[in-house]
Amino acid sequence: MMIPDWPILSLIVFSPLAGAAVLLAMPKQRARLLRITAIIATLLPLALTLWLYADFDANRVGDSFEEYAAWVNIPLDQAGLGGGAASYGLHLDYRLGIDGLSLPLVLLATVITAMAALASVTIRKRWKAYYIWLLVLECGMLGVFLARDLFLFFIFFEITLIPMLFLIGIWGLFNREKAATRFLIYNGLGSAVMLIVFAIVVMTAGFSIGDTQGGGAVFSYSGSYETILANLSDPQAVVNQVAAGNVNPFYLSNGMETALFVLLLIAFGIKLPIFPFHSWMLSVHREAPAPVVMIHSGILLKMGAYGLIRFGFFLFPEQAERFAPTLAVLGLINLLYGAVIAYRQQELRSMLAYSSLSHMGIVLLGLASLHVIGMQGAVFQLVSHGLISALLFLLIGSFYERTGTSRIDELGGLAKAAPFMAGALLAGGLASLGLPGLSGFVGELLALLGLFDTHKVIVSIALLGIILTAAYVLRAIMGITFGELPAKYGSMKDARFIEALPIVVLLAFVLLLGIYPSFLTELMKHGFDPLLHHINMRVGG
Amino acid sequence: MAYSQAAWLIPVFPLAAFLVLTALGRSFRRSAPIIASIGTLGSLALSVLVMVEGVEYRDRINWIKIGDLSLSIGFDVNHLTSLMLVIVSIVSFLVCMYSAGYMRDDERLTVFYGYVSLFVFAMMGLVLADNMLMLYLFWELVGVCSFLLVGFWYHKPEAKAAAKKAFIVTRIGDAGLLLAVLLLFWYMPNHALDFVGIQNVFQGQSGAVDAQITTLIALLVFMGAIGKSGQFPLHVWLPDAMEGPTPISALIHAATMVAAGVFLIARTFVLFEASAVAMDTVAYIGAFTALFAASIALVQHDVKRILAYSTISQLGYMMMALGVGSLTGAIFHLMTHAFFKALLFLGAGSIIHATKTQDIRELGGLGGRMRLTALLFGVGALALSGIPPFAGFWSKDTILAAALDSNPALFAAGLLGALLTALYMARLFFRVFAGKPSAISEAAHESPAVMTIPMLALAVLALGAGFVETPWYDGLSQWLLGDEAPAHAADGYTVPIIGAAVALLGLYIGWLAYVKRTIRLSAALDAMPSARRLLENGYGLDALYTHLIVKPYRLLGSCVQLFDRYVVDGLVQLAAFGVSALGRGTARLQNGQVQTYGLAAVIGLLVLIVVLAGRRLWS
Amino acid sequence: MLGSYLTIAAILFCIGLYGALAKRNAIIVLLSIELMLNAVNLNLVAFSKYGVVPSLSGQMFALFTIAVAAAEAAVGVAVLVALFRARGTIKTDEIDELRG
């Protein structure tokens with residue numbers, strides 16, 4: 001079905017906000033009404049995204065849908081130019097687009113948020129504020145994946161921070177406020193670094209001389225991703241000219257580009273997270289309520305990887321190539337470091353946090369391959385890990401609600417009391433350790449397959465991670481589902497329908513991606529063209 | 001339409017059974033065995049049709065396509081795979097039927113049959129896979145089914161530990177296999193992973209793949225087989241896996257999954273043939289495992305553990321056969337072993353069902369109480385011991401003959417193994433069935449027909465399956481290898497006679513020791529308690545691994561965790577402390593006194609004035 | 001001539017500023033603020049008479065300021081009376097309502 005001439009991307013991004021506006025007008029005691037409204041508000045972008053998926057043209061290079069509106073336009077003093085300009089200004093535009101890299105993540109974000117909204121039945125207080133923040137958070141996340149202007153991206157990125165702060169700080173567990181502050185400080189730091197990079201990029205690569213209009217040329221700084229990408233890859237562009245004589249203020253030297261790449265690596269590495277920037281994530285995983293951790297682990301961490309690909313790899317492919325071995329080593333460290341520590345955790349949430357760290361290592365390995373298979377594997381791993389960790393946190397949240405603990409040494413034998421949930425937990429665990437037929441395997445396979453061409457030794461060591469992953473996952477999952485059931489949990493109930501629904505949906509997606517990976521890989525066919533084009537040029541020429 | 005074109009349906013039947021069983025849930029307990037049996041029966045029927053038809057057929061579809069590269073899935077029907085399909089489906093069907101009696105009182109019967117159906121699906125998929133990657137997919141799936149079924153009685157701590165161990169230990173081998181797949185993908189021309197492509201590339205010694213890489217790939221494939229087929233040093237999971245229900249031990253841990261390693265090597269045999277090092281490794285590890293496991297089986301007290309070590313030993317035989325180049329011998333022994341070992345396990349299950357114990361010290365004189373079981377178990381034991389004319393004799397003979405051809409040392413090892421095999425089987429059989437009935441045996445009754453009929457069927461196969469390949473008839477090698485089948489040695493009767501004599505000698509010693517009690521074998525061992533303990537603990541490998549790998553790994557984990565908490569997080573805490581100290585300092589300024597604020601504003605103004613004026617003055 | 005006016009105004013302003021920042025009695029703070037305003041008035045009038053472009057608008061502004069200052073003083077004293085009723089004190093260091 002063709003999509004009519006609607007601003008579909010804007011609809012996707014802002015439909016949660018519309019839901020939030022409706023919620024604002026509702027009385028705050030009507031929990032049921034609020035819940036249903038919020039769930040509908042999250043289903044809206046999901047439906048729109050599925051529609052978009054159906055109509056998405058994977059064969060097209062570049063963005064498939066684009067939306068543009070002039071937003072901020074600051075005229076600058078022409079005196080500095082020495083005249084001759086028709087106009088001279090800074091343009092920050094409202095610019096959305098979607099391509100093979102964004103769509104899988106948008107799909108992931110909408111699915112997981114909808115499931116998190118369903119799973120929010122466990123929230124026991126201040127429903128109205130909770131759901132409003134949840135919807136604002138979704139708006140921010142979707143905006144991040146769709147924005148095609150650097151400052152718009154930055155703003156959406158920041159929008160995600162504030163709702164998270166409150167969601168952790170108000171509805172979290174015992175140390176919630178500390179965790180929330182930690183989250184904010186760390187991510188604020190990353191954002192600050194990112195803002196510096198963006199400012200430099202806009203002021204150099206964003207500068208372009210446009211067509212003459214009437215009198216003189218149009219000089220402008222632009223935050224447009226497309227313009228910046230085109231300028232950076234065009235050897236004739238102003239940004240790449242080393243002016244003889246007087247200095248070209250727009251020139252980005254190789255050293256400067258490297259510095260920018262490293263700064264981006266740090267900015268997004270905090271979010272991803274890359275060792276040693278991971279410790280903020282642990283407290284969030286431990287303290288936030290289950291639906292919020294679902295979103296956090298399932299989507300927010302993926303924003304780091306997305307940003308790294310979109311801005312680090314695509315804008316600075318040469319640096320990406322130079323840093324590929326470093327990234328591979330960092331990925332290996334993430335993978336093994338997380339796996340080794342996860343094996344020693346008694347607290348399931350911490351175990352899963354370290355497991356996330358470990359799985360993000362595979363993403364880094366895939367990215368470091370700079371090979372189409374590996375890159376697709378990395379994104380596949382992002383989606384797959386998002387689904388799996390959302391599933392596992394959902395289940396652990398449900399168990400926590402019933403038993404009041406999520407410690408491995410205090411639980412056991414839950415398969416007897418809650419066979420459905422225990423079975424789902426086992427399936428999630430098996431997906432997490434990379435069982436074929438479930439989505440985790442495909443991501444791992446593709447990432448390692450891609451990397452193997454260039455870094456055989458690293459992949460061989462990474463395979464050790466597969467064994468270690470099996471060890472810690474089974475230890476944890478079997479620790480709580482197998483064995484004797486403690487007598488005090490004898491009367492425990494299995495999942496209610498409202499809980500079972502998101503579990504089943506997430507499992508279905510995990511299974512779908514595992515059995516039919518083309519569901520995603522077909523989308524990503526041209527997702528990495530900006531980078532691969534560069535590499536092919538170098539190899540070819 | 002040719003049946004082989006529909007061969008992809010073979011795994012679909014059990015898959016459908018699995019889906020139906022999962023969807024129905026626990027409420028349909030009674031129909032579970034029927035549904036699962038229908039699924040496996042469908043597979044069996046189609047498998048037999050495909051094999052009888054004997055037409056080769058392969059087809060595939062893209063699974064993942066990335067750029068110009070694609071990973072495909074498909075199925076490949078040839079003589080080897082169709083034979084395997086028949087073996088797997090026969091044993092699966094019989095075990096499904098048997099379990100209806102054995103597991104009758106289990107409340108999770110539906111789940112049990114669901115897992116079994118899933119396993120059969122995965123095993124069929126593994127057999128039919130047309131390329132290495134797909135084989136790896138199903139290879140992992142059978143592993144996880146094995147894990148689920150070993151841990152089926154999840155509330156037992158032993159079952160939990162055994163399931164975990166089975167999964168992780170085999171995963172070590174699997175990592176090797178995955179690495180082999182990665183290597184193949186990048187070194188094969190056109191990134192082909194299918195077996196036909198591998199056959200073509202490596203058969204002609206075309207040099208398309210470097211010889212060292214070939215050896216490496218072959219060894220890594222073998223690593224996968226070591227894990228799955230319980231070869232030394234990764235065999236430790238298999239005896240523990242006996243914590244699973246006994247029909248599962250028969251199906252997965254005797255007849256099918258553990259033989260998948262042998263099948264894998266047979267499937268990629270060209271790789272091994274291209275590398276002498278790989279062949280020798282396979283042969284020596286196989287021979288060593290055969291002897292090593294047989295010696296442990298001699299002193300075990302648990303019926304199922306004896307059989308488990310026997311399985312490891314027999315798998316070692318098959319590996320040895322592959323290592324000396326006898327594909328026929330390996331597959332032949334795989335087939336006969338599948339039948340007689342499944343029979344033995346089902347017999348053991350029948351004993352356990354009747355007596356609720358599996359310790360042979362508590363048993364004895366069961367022969368009078370359970371005549372049919374004793375008779376059928378005896379058939380299995382004779383077949384395993386290699387007594388003519390039972391199936392095991394012929395297959396073992398094929399292996400021994402091949403070993404003699406290539407390496408007398410391996411032949412000697414094979415003979416010694418045969419002697420030990422006969423001895424421990426005699427011990428097991430006589431201790432359980434002969435002598436005076438013990439208290440437990442007195443109360444035992446024969447198992448129901450639903451259990452004895454599958455045993456009967458397997459007994460017939462254990463008796464008759466050997467005649468497909470004899471010194472005077474080479475049906476199986478013709479079937480597997482076609483015109484390339486090696487001609488039989490001129491003097492085809494020396495090896496069988498020696499083999500039979502050795503096996504009979506083993507039985508005779510066992511008879512003397514455990515019935516006549518003229519030889520005191522156990523007394524000899526009792527004189528050396530440390531040696532006995534060593535053997536009973538499987539040469540202490542478990543303890544060795546615990547001390548050498550598990551404990552150091554735990555320690556490493558704790559160390560890294562401390563590092564994470566105090567060094568990595570410590571740095572963060574330090575930074576956070578700095579920020580909050582700064583905050584506390586500046587917060588003191590906000591005391592709510594308007595006058596302080598005013599003073600700050602004035603000072604700020606003064607600073608501004610000084611700076612601006614200063615710039616004017618100095619510039 | 002202008003210089004001496006400005007000097008007087010500056011001295012007056014500084015006295016007012018000191019009083020506003022340092023005195024503990026709120027009434028005196030209010031008076032000090034009046035002092036500062038008057039310093040400004042003095043400046044305005046002086047510039048309107050002796051400035052580069054003399055004009056009456058400066059004196060107009062001074063009149064405005066006086067009127068506003070009167071209003072401000074009235075409001076300020078009213079606030080202080082209310083504060084005294086509520087808290088029993090008008091010592092500036094005992095009033096820290098602005099503290100977060």
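Below, chains carry the letters A, B, ... as their sequence lines are ordered, and counting in each starts from 1. Predicted, not measured: the structure shown is a model, and the values here were computed from it.
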Structural part of B:W63 lying under 4.5 Å from a heavy atom of chain A
both
Would you sort out whether B:D564 and A:H278 count as a side chain to side chain donor-acceptor pair (under 3.5 Å), showing the intermediate values?
CA-CA 10 Å; B:D564 194 60; A:H278 59 271; 2.6 Å; yes
Could you tell me which portion of A:Y343 (side chain, backbone, both or neither) has an atom closer than 4.5 angstrom to a non-hydrogen atom of chain B?
side chain
Under 4.5 Å from a heavy atom of chain B, the part of A:E484 involved
both
Counting only non-hydrogen atoms closer than 4.5 Å, does A:K525 touch chain B with its backbone (N, CA, C, O), its side chain (CB onward), both, or neither?
neither
Could you check whether atom NZ of B:K65 has more than 12 heavy atoms from other residues, nucleotides or ligands sitting under 6.0 Å from it?
yes
Does B:I549 form a side chain to side chain contact (heavy atoms under 4.5 Å, CB included) with B:T546? I'd like the steps, not just the answer.
CA-CA 6 Å; B:I549 298 169; B:T546 309; over 6 Å; no
A:P276 and B:V568: which non-hydrogen atoms are nearest, and at how many Å?
O-CG1, 3.5 Å
Report which part of B:K164 has an atom under 4.5 Å of a heavy atom belonging to chain A: side chain, backbone, both, or neither.
both
A:L463 versus chain B, heavy atoms under 4.5 Å apart: side chain, backbone, both or neither?
both
Let me know if A:L464 has heavy atoms under 4.5 Å from chain B in its side chain, its backbone, both or neither.
neither
Verdict with supporting geometry, B:D569 and A:L282, side chain to side chain contact (heavy atoms under 4.5 Å, CB included)
CA-CA 10 Å; B:D569 205 42; A:L282 306 175; over 6 Å; no
Counting heavy-atom pairs under 4.5 Å with chain A, the top scorer among B:L137, B:L69, B:L141, B:N62 is B:L137
Working to the nearest 0.5 Å, report the span between CG of A:L448 and OG of A:S460.
10.0 Å
A:H371 backbone acceptor or donor facing A:S369 side chain under 3.5 Å
yes
Interface moiety of B:L182 toward chain A, non-hydrogen atoms closer than 4.5 Å
both
Which atoms of A:R475 come close to chain B, meaning under 4.5 Å heavy atom to heavy atom: side chain ones, backbone ones, both, or neither?
both
Please look at A:F441 and chain B and tell me whether the side chain, the backbone, both or neither of the residue comes under 4.5 angstrom of a heavy atom of that chain.
side chain
Report the relative orientation of the aromatic rings in A:F183 and A:W280; use parallel for angles under 30°, tilted for 30 to 60°, perpendicular for over 60°.
tilted
B:Y187 versus chain A, the contacting section by heavy-atom distance below 4.5 Å
side chain
Engaged part of B:E107 at the chain A interface, taking heavy atoms whose separation is under 4.5 Å
side chain
Among the options B:E140, B:K156, B:R171, pick out the one with the most heavy-atom pairs lying under 4.5 Å from chain A.
B:R171
Would you mind checking which part of B:I73 comes under 4.5 Å of any heavy atom in chain A, side chain (CB onward), backbone (N, CA, C, O), both or neither?
neither
Part of A:I515 within contact of chain B (heavy atom distance under 4.5 Å):
backbone
Does B:F112 reach the side chain of B:D106, with side-chain heavy atoms less than 4.5 Å apart?
no
What part of A:Y186 is in contact with chain B, defined as an atom under 4.5 angstrom from a non-hydrogen atom: side chain, backbone, both or neither?
side chain
Out of curiosity, B:L184 CG to B:L133 CG, how far, rounded to the nearest 0.5 Å?
10.5 Å
With chain A as the partner, which of B:L148, B:V579, B:V567, B:L183 has the greatest number of non-hydrogen pairs under 4.5 Å?
B:L183
Let me know if A:T181 has heavy atoms under 4.5 Å from chain B in its side chain, its backbone, both or neither.
neither
So which heavy atom on B:W237 is nearest to which on B:S146, and how close?
CZ3-OG, 4.4 Å
In terms of heavy-atom proximity below 4.5 Å to chain A, should B:L571 be classed as side chain, backbone, both, or neither?
neither
